[in-house]
Amino acid sequence: QQQRPHAIVLGVKLSKPLIHLVNAIKTVAQQCSLTIEDRPYLPHITLARIRTKNFNHLEPIHKNLPKQMSVPSFSYYQSDPTDQGSHYTM
């Protein structure tokens with residue numbers, strides 16, 4: 001049985017600099033006694049969460065997204081789920 005999608009995401013090419021960044025973050029997280037996930041790292045950017053059960057109208061979205069783009073900077077944030085939706089903190 002196919003699961004319905006829960007998010008719209010852009011895949012990110014796994015490059016050597018990105019692998020280096022991920023390993024550095026894992027090292028610091030371990031030093032801070034944070035739990036590191038066992039699942040494989042899958043770089044992506046979440047564009048939207050999908051709450052509707054009828055998602056067929058979302059199919060054309062990919063046609064309007066860029067095939068490639070550069071990201072000059074990024075920020076870390078924390079996502080805290082609540083009953084009213086997630087709350088994000090930079």
Side-chain angles (χ1 to χ4, degrees):
Q1 180 178 356
Q2 185 178 8
Q3 290 186 328
R4 67 178 183 87
H6 296 279
I8 298 172
V9 300
L10 288 178
V12 176
K13 183 178 179 181
L14 190 57
S15 62
K16 287 183 181 182
L18 183 55
I19 292 170
H20 179 73
L21 175 63
V22 169
N23 289 335
I25 291 170
K26 285 182 179 181
T27 298
V28 171
Q30 287 172 330
Q31 291 170 351
C32 294
S33 300
L34 297 175
T35 302
I36 306 299
E37 294 182 340
D38 289 336
R39 62 185 173 163
Y41 178 64
L42 180 61
H44 66 281
I45 299 169
T46 301
L47 300 176
R49 299 273 179 214
I50 300 172
R51 298 183 196 278
T52 180
K53 292 183 180 180
N54 178 11
F55 58 89
N56 293 333
H57 64 286
L58 300 173
E59 184 71 28
I61 288 177
H62 75 278
K63 295 177 184 176
N64 296 316
L65 295 175
K67 300 295 180 211
Q68 186 174 0
M69 64 184 209
S70 296
V71 179
S73 65
F74 65 93
S75 300
Y76 296 104
Y77 69 93
Q78 179 174 323
S79 173
D80 296 307
T82 70
D83 292 339
Q84 292 78 33
S86 294
H87 179 261
Y88 301 98
T89 308
M90 294 285 274

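The figures that follow rest on heavy atoms only: side chains count, while hydrogens, waters and symmetry mates do not. Note that the structure is predicted; figures quoted are calculated from it, not measured.
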Answer yes or no: are there more than 12 heavy-atom neighbours, outside Tyr77 itself, under 6.0 Å from its atom OH?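 No, not enclosed.
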
Please find the pair of heavy atoms, one from [X] and one from [Y], that lie closest to each other, and give the distance.
X     : Y     : value
Val9  : His44 : CG1-CD2, 3.8 Å
Gln30 : Ile36 : CG-CG1, 3.5 Å
Pro72 : Ser70 : CD-O, 3.6 Å

Just by distance, do the side chain of His87 and the backbone of Gly85 share a donor-acceptor pair under 3.5 Å? no

Look only at the side chain of Thr82 and the backbone of Gln84, and say whether a donor-acceptor pair between them is shorter than 3.5 Å. yes

Between NZ on residue Lys26 and CD on residue Glu37, distance to nearest 0.5 Å: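 If we round to the nearest 0.5 Å, Lys26:NZ and Glu37:CD are 9.0 Å apart.
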
Taking the side chain as every heavy atom from C-beta outward, state whether Tyr41 and Leu18 have any atom pair closer than 4.5 Å.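 Tyr41 vs Leu18: side chains touch.
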
Taking Pro43 as the fixed residue, which of Ile19, Val12, Leu10, Val22 is the one that meets the side chain to side chain contact (heavy atoms under 4.5 Å, CB included) rule? Val12

